[in-house]
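Chain A is the first sequence line, chain B the second, and so forth, proteins listed ahead of strands; every chain is numbered from 1.
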There are 2 protein chains.
Amino acid sequence: MKSVDITHRLNVFQEACERLGLKITHQRMEIYRAVIMTENHPDAVSVYHRVKKRIPMISLDTVYRNLKLLAKHGLISIVGLSQESLRFDGNMTPHHHFACVKCGMIRDFNSPAIGHLPIPEEVKGFGSPVSVHLEVKGLCATCKKSSRRN
Amino acid sequence: MKSVDITHRLNVFQEACERLGLKITHQRMEIYRAVIMTENHPDAVSVYHRVKKRIPMISLDTVYRNLKLLAKHGLISIVGLSQESLRFDGNMTPHHHFACVKCGMIRDFNSPAIGHLPIPEEVKGFGSPVSVHLEVKGLCATCKKSSRRN
DNA sequence: CATGATAATAAGAATTATTCCTAATTGAGA
DNA sequence: TCTCAATTAGGAATAATTCTTATTATCATG
């Protein structure tokens, strides 16, 4: 990404923080910057090491706290289903998943339309695809109800 | 799932183990059975508790070991991208992922076709979808090369 | 059916990822 | 500038997963 783009995105980020009532701290800015500058979807520890070069006293907890906070506010996202532990699936027939971001509930669904999706040529350049799943994230009906009560 | 179906799947599983040279142990059978009988994509600890009712001395390690082994052989699957830690994404424009199951590399791709997929009505009954990602799992070019060497 | 090679297991220690706790610091509005 | 709630650093705590080792069980073969 070009440095003018980075600057622009940092400005947009700053405005978003103001709008959301999040304080604009040095740490928060650098953590965000590290995420958008890293192409390959870093984990928290990678972000930590990267930010440490600019803020040597940064704590890993601060990195985790901000990454989660920013993800919660939709300023960055978590790759995949954001589960804290591995989950297993005995259904080996083609299907897809709906996952609740709050309680972790996962439901299967099929879709003939999705069944024969065209995988772009580009992807074959990355390697050999083995499986294809559509992952729909959202709030399940139960969690939606309980969050309205608050 | 009906009990005749369970029985049938256990038979198929047993044949698969024979074909793959995996020994048919009591623990392995019960672990597989627990996974296919649980609709909601259990994590390892849930499987452990379920199996413990039938094999009180089962160890958690055995559960993990078998779940991973069965997943490796394609007898069950791991939900999502099978990552061991959370990974973050600063790209908030619509895109999809190719993930290498061996080294964890993730690459983005877009697809206009996937962009306006019809989400089945069924899914709206589960809750409110927020994001939709296609997750393609496979072996990346580099890992494919290095595994051929062995 | 006995037996030996080897895969698999139990139990607990070790490792890794993530979150919590607390005291000190800081950003931003009055 | 002053104040206060939000944020931070640092280390302890927790949770998830893997490793180590001694023992046991499976299954091919005699």
Name all pairs fulfilling the salt bridge (Lys or Arg N to Asp or Glu O under 4.0 Å) condition that reach into residues 63-78 of chain B, sequence neighbours left out, sorted by first residue then second. B:Asp61-B:Arg65
Report yes if at least one side-chain N or O of A:Tyr64 is closer than 4.0 Å to OP1 or OP2 of C:dT18; otherwise report no. yes
Heavy-atom closest pair (B:Ser77 atom, A:Met92 atom, distance to 0.1 Å) is N-SD, 3.7 Å
In numerical order, the residues of residues 31-60 of chain A whose heavy atoms come under 4.0 Å of DNA chain C are A:Leu60
So do the side chains of B:Leu86 and A:Asp43 get within less than 4.5 Å of each other, counting heavy atoms only? no
Give the rounded distance in Å between these two atoms: NZ of B:Lys72 and P of C:dA8. 10 Å
Which salt bridge (Lys or Arg N to Asp or Glu O under 4.0 Å) pairs, counting each pair once, include a residue from residues 122-139 of chain A, with sequence neighbours left out? A:Glu121-A:Lys124
With a cutoff of under 4.5 Å between side-chain heavy atoms, which Ile, Leu, Val, Met, Phe, Trp and Tyr residues group with A:Ile106? A:Leu81, B:Val79
Going 5' to 3' through nucleotides 20-30 of chain D, assign each nucleotide B (protein heavy atom under 4.0 Å from a base atom), S (under 4.0 Å only from sugar-phosphate atoms) or - (no protein heavy atom that close). B-----BS---
Whole-Å gap separating C1' (D:dT8) and CG (A:Leu67): 15 Å
Touch class at under 4.0 angstrom, heavy-atom based, for B:Arg65 against every strand present: base
Could you list the residues that satisfy salt bridge (Lys or Arg N to Asp or Glu O under 4.0 Å) with B:Asp89, not counting sequence neighbours? none
Bend angle of the helix from C:dC1-D:dG30 to C:dA30-D:dT1 from five-pair axes at both ends, rounded to 10°? 30°
Is there any ring-ring contact (aromatic ring centres under 6.0 Å, His included) pair reaching into residues 60-90 of chain B, and which pairs are they, with sequence neighbours excluded? none
Output the rounded distance in Å from CD (B:Glu30) to P (C:dA10). 12 Å
For A:Thr38, give me all partners under side-chain contact (heavy atoms from CB on, under 4.5 Å), at least two apart in sequence or on another chain. A:Asn40, A:Pro42, A:Arg50
Residues passing the salt bridge (Lys or Arg N to Asp or Glu O under 4.0 Å) test with A:Arg33, sequence neighbours excluded, are A:Glu30
Donor-acceptor pairs under 3.5 angstrom involving side-chain atoms of residues 12-23 of chain A: please list them, not counting sequence neighbours.
none

Can you sort out which residues in residues 73-84 of chain B have a heavy atom within less than 4.0 Å of DNA chain D? Ascending by number, please. none
